[in-house]
Amino acid sequence: MIFTEDQLALREAGRKFSRERLLPKYQQREREGRIDRALLREMGGLGLIGMDMPERYGGMGVDAVTTGAIIEELAYGDFNVASLAVVQSLCGAIVARNASDAVQDAWLPRVAAGEAILALSITEPHAGSDAGALRLRATGDGENYRIKGEKTSTTFSDSADAFVVFARTGAESDGTKGVTAFLVPANAPGLHATRFRDVGSRMSGRGSVFFDDVTVPIDHRLGEEGRGFSEVMSGFDYSRALIALQCIGAAQASIDEAWTYAKEREAFGGPIARFQGVTFPLVEGETQLAAGRQLAYHALALRDAGLPHTVEAAMVKWFGPRTAFDVIHQCLLTFGHYGWSMDLPHQQRLRDVMGLEIGDGTAGIMKMIVARARAGHAADTKRARPAS
Ligand SMILES: Cc1cc2nc3c(=O)[nH]c(=O)nc-3n(C[C@H](O)[C@H](O)[C@H](O)COP(=O)(O)OP(=O)(O)OC[C@H]3O[C@@H](n4cnc5c(N)ncnc54)[C@H](O)[C@@H]3O)c2cc1C
């Protein structure tokens, strides 16, 4: 990817902030297990949150490639702070495209300023990959919608200020066509959230969100009734490429630290960097990261050009997190027994990137998307078997 001068300048701003302000406290933020709101506001002030939102809402209106470049840099310093930026970009785009003017005015400037956090609630206890089977029910009376049911596995469950929620307004037999999206403020009466004890990303928090007859005005509906599913799916093509860059950014930090260590650590009378058994795995890892990075930027460049990029985004959504996991694993080993300590960041990066082998769609689902694009109906798992 060859960046423009403007893109390079914004990437550099993200890099400077990330290495000076995020990296030194990456592990401390995990120990504290909460979002530092002052840091978020600082990022908002610098344009590092919601950078792709329209300028009238306080964003910079930058393209997808530039957003990806900033997110990759943020993840180098703190994977979970970068998650905040990814989810705000994804949810912000859904709100900007579909919400009423009043709802956009009320929320988007606060998101871009780092004053409000949006979360995305699709997954339910019985349906994750098969998101079209969701059951959370929204019933409209012409003025309001009443929402009842349970979402689970929502990132930022107990810190979000509002949720982009996907609920069923049609019959279950309507499948994805009976799904509508809403923006639901976290302080709406009847809504409460929990937090899970997760393997990684403990700063972000993930949990269930319960809706006990939560009422939202009709203007909090996002888009037309029954159109929620197609809306979010196009957003996923964006977030999948961003997530790949997020994982690659985190792995690049481990690689850079491993190179430094390989030059400094001595064994058998000299630096371990003279052993090809040490350097070649790092070279292989760095090569794979470079390949994943190019595919991610290619998907984003296609998006910026208004061209289809579903396949490229799905490819890099499985390849990016998996590659990042393998590379960080190798870096941890490069540090020998020091790498096995909780004091070094590699174990945390390993746990953090692994979550995104599942979140936003598993590798199995990504491969299914690519297989369907290539093999058409022959690869459709929902197709009825021909009678024998
Ligand atoms: C860190 C993290 C963050 C998350 N954040 C959010 C969030 O903010 N909002 C939200 O709504 N959800 C979120 N999720 C939930 C996530 O999107 C779902 O977990 C994911 O879509 C998988 O759904 P599931 O867990 O129900 O697994 P299932 O759908 O039950 O799948 C179980 C296994 O079967 C495989 N499988 C299922 N169907 C197929 C198929 N057709 N072909 C091949 N393999 C298949 C899957 O790949 C998986 O390995 C998050 C999850 C994690 C781990």
Side-chain angles (χ1 to χ4, degrees), residues 30 33 35 75 79-80 82-92 94 117-136 149-168 176 179 181-184 186 193-211 228-229 231-233 235-236 239-240 242-244 246-247 250 314 317-318 320-322 324-325 348-373 375 378-383:
E30 154 152 291
I35 293 167
F79 182 85
N80 301 306
S83 277
L84 269 168
V86 172
V87 176
Q88 302 323 295
S89 283
L90 173 61
C91 291
I94 294 172
I117 296 172
L118 301 180
L120 187 73
S121 281
I122 302 176
T123 305
E124 298 187 2
H126 70 284
S129 303
D130 191 7
L134 63 84
R135 291 183 192 145
L136 182 88
E150 178 185 351
K151 289 290 179 186
T152 194
S153 197
T154 295
T155 301
F156 312 127
S157 57
D158 62 351
S159 53
D161 298 288
F163 297 88
V164 173
V165 176
F166 290 78
R168 184 158 297 286
T176 56
V179 173
F182 299 90
L183 188 76
V184 184
T194 65
R195 173 184 275 238
F196 302 151
R197 288 180 61 237
D198 272 351
V199 173
S201 291
R202 294 178 190 157
M203 182 207 92
S204 309
R206 187 182 64 100
S208 293
V209 187
F210 296 91
F211 298 81
F229 210 73
E231 171 52 35
V232 76
M233 284 305 149
F236 272 149
S239 61
R240 282 171 185 157
L242 296 181
I243 282 170
Q246 182 189 351
C247 294
K317 168 60 180 65
W318 77 259
R322 179 73 229 180
F325 181 89
Q348 187 184 336
R349 291 199 188 107
L350 208 52
R351 290 183 283 108
D352 286 353
V353 303
M354 200 202 309
L356 287 183
E357 288 192 74
I358 307 167
D360 221 83
T362 64
I365 297 304
M366 295 307 114
K367 290 173 189 175
M368 200 174 78
I369 291 169
V370 179
R372 276 187 190 161
D380 193 341
T381 47
K382 289 197 169 152
R383 202 169 65 134

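When reading the values below, keep in mind they use all heavy atoms of this one structure, side chains included, and skip hydrogens, waters and symmetry mates. Remember, it's 1-based here, ligands and their atoms both numbered in the order they're listed. Predicted, not measured: the structure shown is a model, and the values here were computed from it.
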Short N-O contact, Glu30 and Arg351, less than 4.0 angstrom: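 Yes.
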Charged N-O contact under 4.0 Å between Arg135 and Glu124: no
Side-chain touch Phe166/Thr176, heavy atoms, less than 4.5 angstrom: no
Heavy-atom side-chain contact between Phe163 and Thr154 under 4.5 Å: yes
Interatomic spacing from CZ in Phe182 to CZ in Phe211 - rounded to 0.5 Å: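 The CZ atom of Phe182 sits 10.5 Å away from the CZ atom of Phe211.
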For Arg202 against Arg195, the heavy-atom pair lying closest together: O-NH1, 3.0 Å
Sorted by chain and number, the residues that approach ligand 1 to under 4.0 Å with a heavy atom: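 For ligand 1, the contacting residues are Leu120, Ser121, Ile122, Thr123, Gly128, Ser129, Ser153, Thr154, Thr155, Arg206, Gly355, Ile358, Gly359, Asp360, Thr362, Ile365, Met368.
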